[in-house]
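Read the structure below first, then the notes.
No experiment lies behind these values; they were computed from the predicted model shown. Each ligand, and each atom within it, is numbered from 1 in the order the structure gives.
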Amino acid sequence: MSNQPILQVNHLSKNFDGNGVLKDVTFSLNEGEVIVVVGPSGCGKSTLLRCVNGLERPDSGEILLDGARIDDAADLVRVRRQVGMVFQSYDLFPHMDVLANLTLGPVKALKRPRAEVEAEAERALARVDLADKLHALPRQLSGGQKQRVALVRAMLMRPRLLLLDEITAALDPEMVREVLNVVLDLARDGMTMLIVTHEMRFAEAVADRVLFLEGGSVLESAPPKAFFHHPQTDRARRFLDTFEFDAVKQRVE
Ligand code: ADP
Ligand code: MG
């Protein structure tokens, strides 16, 4: 393992229509680490992930992936190859069964042998308890099952870095856990991840570091225990108080 971070974000700023949506955001993510980004709606979390994935261009600052700056269109090919992303909405192809959804990227983009990819996809599905859904269509799956398939699909591309943007936000509560357990397993296996979530217990369990974003700025950057139990800013305290978060409640009482 090299000492070089997989991801470095340096003084990143991004404006939409003259409004600063990201302001001088700086952090780095080492191999095998998980950073969770939390903050109120509209604070710039999705924009940050979209910049890292090359979907948005920064106005200033720089993003380095494995030490190489993401700059132009040529770099974006590399970014797409190295960075996996799963969103809140399931973006599986509706007319293709689970196996076809899983094998498309590795076979077409990575040019890997179909038989090998299919065997790997079957094993990966079994690990997320979906062995019997190989030939199901997305509409035959629950939201939680679709998100587990989406995670498997992202992992089959063997990304260096996985970005997760509120992947359980549209799920019924009982499905949230089954999806987050898969993410916890990925973290345990050493996957490097940048995660946006409103599931605070999960965030505390999975994070090596928490970034609290407010109005596009990083207000706090701390280990999860410190952030959730001893937030340094009033803004973070108020944010945490809006969640059913026992530890915070106890502290306030
Ligand atoms: P979050 O994910 O934290 O809720 P976003 O990154 O989606 O926040 O949005 C941050 C701010 O940027 C919001 O005020 C949003 O309205 C604005 N924004 C996001 N994308 C665009 C866009 N493509 N054009 C204009 N404004 C945008
Ligand atoms: Mg968002």
Side-chain angles (χ1 to χ4, degrees), residues 7-27 29 34-63 65 70 73 76 79-80 83-92 143-144 146-147 150-151 154 159 161-173 175-176 179-180 183 193-204 206-207 209-222 224 227-228 231-245:
L7 174 69
Q8 284 171 269
V9 173
N10 295 329
H11 305 293
L12 174 67
S13 293
K14 174 74 186 170
N15 305 299
F16 285 122
D17 314 319
N19 294 320
V21 168
L22 294 174
K23 299 168 192 161
D24 198 22
V25 172
T26 295
F27 66 93
L29 180 56
V34 175
I35 287 183
V36 173
V37 183
V38 301
S41 179
C43 71
K45 304 180 295 295
S46 294
T47 304
L48 174 61
L49 264 55
R50 289 168 58 81
C51 285
V52 171
N53 203 23
L55 293 167
E56 300 284 358
R57 279 185 73 89
D59 290 313
S60 59
E62 58 175 12
I63 299 173
L65 205 57
I70 305 171
L76 287 185
V79 172
R80 295 288 144 70
V83 181
M85 185 152 179
V86 180
F87 302 88
Q88 172 179 335
S89 61
Y90 335 107
D91 52 349
L92 302 174
K146 278 186 268 201
Q147 285 302 57
L151 284 166
L161 167 65
L162 188 58
L163 310 177
L164 306 180
D165 192 357
E166 298 199 38
I167 64 169
T168 62
L171 299 181
D172 291 336
M175 290 172 192
V176 170
V179 172
L180 296 183
V183 180
M193 290 185 278
L194 183 59
I195 300 176
V196 172
T197 183
H198 287 298
E199 298 290 334
M200 294 298 144
R201 286 169 189 284
F202 163 72
E204 185 172 359
V206 79
R209 175 161 294 271
V210 178
L211 296 188
F212 176 65
L213 218 58
E214 152 77 6
S217 301
V218 177
L219 284 202
E220 302 203 23
S221 166
F227 176 73
F228 287 110
Q232 298 298 301
T233 59
D234 277 342
R235 188 64 192 92
R237 245 169 261 139
R238 274 186 280 125
F239 172 76
L240 289 171
D241 282 347
T242 62
F243 291 88
E244 296 284 313
F245 194 72

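The closest donor-acceptor contact from the side chain of Arg209 to the backbone of Ser221 lies under 3.5 Å. Using a distance-only test at 3.5 Å, with no hydrogens or angles considered, a donor-acceptor pair links the side chain of Lys14 to the main chain of Arg57. Under a 3.5 Å cut-off, the side chain of Lys45 and the backbone N or O of Gly39 do form a donor-acceptor pair. In this structure, Asn10 contributes its side chain and Glu62 its backbone to no donor-acceptor pair below 3.5 Å. Of the possible polar contacts, one joining the Glu220 side chain to the Gln232 backbone as a donor-acceptor pair under 3.5 Å is found.
Between Asp241 and Arg238 no salt bridge is recorded (no basic side-chain N to carboxylate O distance below 4.0 Å).
Considering backbone and side-chain N/O of Glu56, none are found under 3.5 Å from N/O of ligand 1. The shortest N or O to N or O distance between Lys45 and ligand 1 is below 3.5 Å.
Of all protein heavy atoms, the one closest to atom 5 (P) of ligand 1 is Thr47 OG1, 3.7 Å. Residue, atom and distance of the protein heavy atom nearest to atom 20 (N) of ligand 1 are Phe16 CE1, 3.3 Å.
Within the coordination shell of the Mg ion (ligand 2), defined by N, O or S atoms under 2.8 Å, Ser41 is absent.
By the definition of a contact as any protein heavy atom under 4.0 Å away, atom 7 (O) of ligand 1 is in contact. For atom 11 (C) of ligand 1, the protein comes within 4.0 Å by at least one heavy atom.
The closest approach between Gly42 and ligand 1 falls below 4.0 Å for a heavy atom of the residue.
Counting heavy atoms only, Ser46 comes closest to atom 2 (O) of ligand 1 of the residues Ser46, Gly44, Gly39.
Using a 3.5 Å distance cut-off with no hydrogens or angles, the side chains of Asp24 and Ser13 do not pair a donor with an acceptor.
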